[in-house]
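Computed over heavy atoms, backbone and side chain alike; hydrogens, waters and symmetry mates excluded. Because the structure is a prediction, the values reported are computed rather than measured.
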Amino acid sequence: MKAVIMAGGKGTRLRPLTCHLPKPMVPLLGRPCMAYIIELLQNHGIHDIAITMQYKPEVIRDYFGSGQAFGVNLHYFEETSPLGTAGSVKHAHEFLDDTFIVISGDALTDFDLKQALAFHKEKQAKATLILTRVSHPLEYGVVITNKEGQITRFLEKPSWGEVFSDTVNTGIYILEPEMLERIPLGQEFDFSQQFFPALLEENKGLYGYISSGYWTDIGNLQQYRQTQFDMLDGKVKLDIHGTQIRPGVYIADDVETSATARVIGPAFIGKGSRLEDEVEIGEYCIIGQNNRLSKGSKLTRSVLWDHNHIAEHNELAGSTLTSRIICKEASYLGDGSVVGNHVVIGAKSRIEPNVKIWPHKQIRDKTRLHTSYIWGDNATKTLFKTSGVSGIPNLDLTPELVTKFATAYGATLASGKTLMVSCAPHTFTRLLKRTLTASLQSVGTHVIDLGDCFAPASTFAIRHLGAAGGIHLEWSGKENDVCSLVCLDAEGLPIPKSAERKVENSFWQEDYGRASMKQIGSYKEEVHWLPNLYTCFGPRNRI
């Protein structure tokens, strides 16, 4: 008997874990998820396996090779464009000449495949879906069968009002080779959406086998972590590569542990990792290969991949770190935070809960990171620069950042006061100005909109109209130039450093309140007033 492992998933909901890995290669207790699937098939006497790939196929091929080291023979079928679940199996049709199993490479299960195959043969089925019972079926395709096991109804990802069964499609199928004739070659075609509904309508031997045992799809970051916790708890039958020194605590070879280090567990510590003095490994920690945990660091419910350096007195409270991350001393990573490859986290930094950091970022010392960090190379605790708050348009300086900044600025320096807003004449600066204006009003700041103008005109208008200050959006309009929010006081001069620090503290701590409905700031345009300034500053250039 042969099998097909579908391994083409990108795992977009798992990013940044999958920025450099296909979803089936995401590690569970130190080994790729797909390694457990290959082991399951091998334990059931299935040694000839096709692997269908599309996203980063070289990663899969480089790790598994011919399959000889895993006791199987692997045959790779690479898609140049997405073919869907059924289309990808059709792509391997020349390999499939007898009854075969289709299984996902990005799920974890210990199902008894022999029992499912015996059911398939007994019913003389053409296609058998392996089903399981779940308590929350909303994320899965719900399937209902009659007492003979024939499938009578499908429903893809129902709402609670539509749920008619707790048996769901696991993405594991047993198929006869003639079923491949129903799948077009080289076209995108899906099992759940097209292939199985057509068989059901034609009453063509479609059965469902409800299997006991463990099954989960590592479809999101929360489930990815929970799957490994389940493995440590022994909820799934599989081989964990490590010595169980006490219930739920697994230690691989060549692990160095100080006499003062504590491993509370359940936990897994991978080959070559090192625990220095006073390190504490709390419950549900997974430490991959060649990690160094320095003196006084504490980890709880955290997952580390390979080759990470955690400096002294770090605290990881429910974080997931990929590989080759340097986390400098006395930093804190909150629950649900996720860090991509090759990130450097500066000393005494604080990564707040649920923040995601994409690969190759530099987090400077004493940074407090509240929001996910995707674009740019450096994150810093310093909000204001020489020319105000500045950055590359729509990469560093985004509408989201401007919204948060304006809210902090207005609440800290100008609640109940009047500010001028203006911008260099360009579509993008006008967009940011609208965002800026609405956010200031939301905290009770009154706004006078000068429209398009030059910075000197804005400075003059602040003094002439008696405003408490102003914010001018400056940009040359060239693609690679920096856009700046220039913050001015009542004299039209840059606000002092003491005021900048107040705004920064409010921005990072999100320590500001919204105005009540009666205190929403007013809005007034003074664009008609600007032509009087032309004698001083010349005409505007419109874009």
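Ser331 meets the side-chain hydrogen bond (donor to acceptor under 3.5 Å, both in side chains) test with no other residue; sequence neighbours excluded. Shown here are the ring pair (Phe, Tyr, Trp, His ring centres under 6.0 Å) partners of Tyr523, two or more places apart in sequence or in another chain: there are none. Residues meeting the side-chain hydrogen bond (donor to acceptor under 3.5 Å, both in side chains) test with Ser88, sequence neighbours left out: none. Residues forming a side-chain hydrogen bond (donor to acceptor under 3.5 Å, both in side chains) with Asn291 (at least two apart in sequence, or on another chain): Asn308. The ring pair (Phe, Tyr, Trp, His ring centres under 6.0 Å) test applied to Phe195 returns Phe191, not counting sequence neighbours. With sequence neighbours excluded, no residue forms a ring pair (Phe, Tyr, Trp, His ring centres under 6.0 Å) with Tyr332. Residues passing the side-chain contact (heavy atoms from CB on, under 4.5 Å) test with Val59 are Leu21, Pro22, Met25, Lys56, sequence neighbours excluded. Legend: residues meeting side-chain contact (heavy atoms from CB on, under 4.5 Å) with Ala424, ordered by chain and number and at least two apart, are Glu474. Not a single side-chain hydrogen bond (donor to acceptor under 3.5 Å, both in side chains) links His313 to another residue, sequence neighbours left out. Among residues two or more places apart in sequence or in another chain, the side-chain contact (heavy atoms from CB on, under 4.5 Å) test is passed with Ser390 by Lys385, Ser387, Val482, Ser484.
By the 6.0 Å and 45° rule, Lys361 stacks over the aromatic ring of Tyr373. For the pair Lys23 and Tyr55, the cation-pi criterion (under 6.0 Å, within 45° of the ring axis) is not fulfilled.
Electrostatic pairing of Glu500 and Lys502 does not count as a salt bridge here, judged by no charged N lying under 4.0 Å from a carboxylate O.
Pairs passing the ring-ring contact (aromatic ring centres under 6.0 Å, His included) check and including a residue from residues 275-301, sequence neighbours excluded, read Phe229-Tyr284.
By the neighbour-count criterion of 12 heavy atoms within 6.0 Å, atom CD of Gln222 is sparsely surrounded, having that number or fewer from other residues, nucleotides or ligands. The environment of CZ in Arg262 is sparse: at most 12 heavy-atom neighbours from other residues, nucleotides or ligands sit within 6.0 Å.
For the residue pair Thr403 and Thr435, no side-chain donor N or O sits within less than 3.5 Å of a side-chain acceptor on the partner. Side-chain N/O atoms of Ser442 and Arg514 include a donor and acceptor closer than 3.5 Å.
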Which pairs of donor and acceptor atoms, one on a side chain in residues 488-497, lie under 3.5 Å apart (sequence neighbours left out)?
{"residue": "Asp489", "atom": "OD1", "partner": "Glu491", "partner atom": "N", "Å": "2.9"}
{"residue": "Asp489", "atom": "OD1", "partner": "Gly492", "partner atom": "N", "Å": "3.2"}
{"residue": "Asp489", "atom": "OD1", "partner": "Leu493", "partner atom": "N", "Å": "2.9"}

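With Trp305 as the partner, the side chain to side chain contact (heavy atoms under 4.5 Å, CB included) test is satisfied by one option alone out of Leu321, Ile325, Leu17: Leu17.
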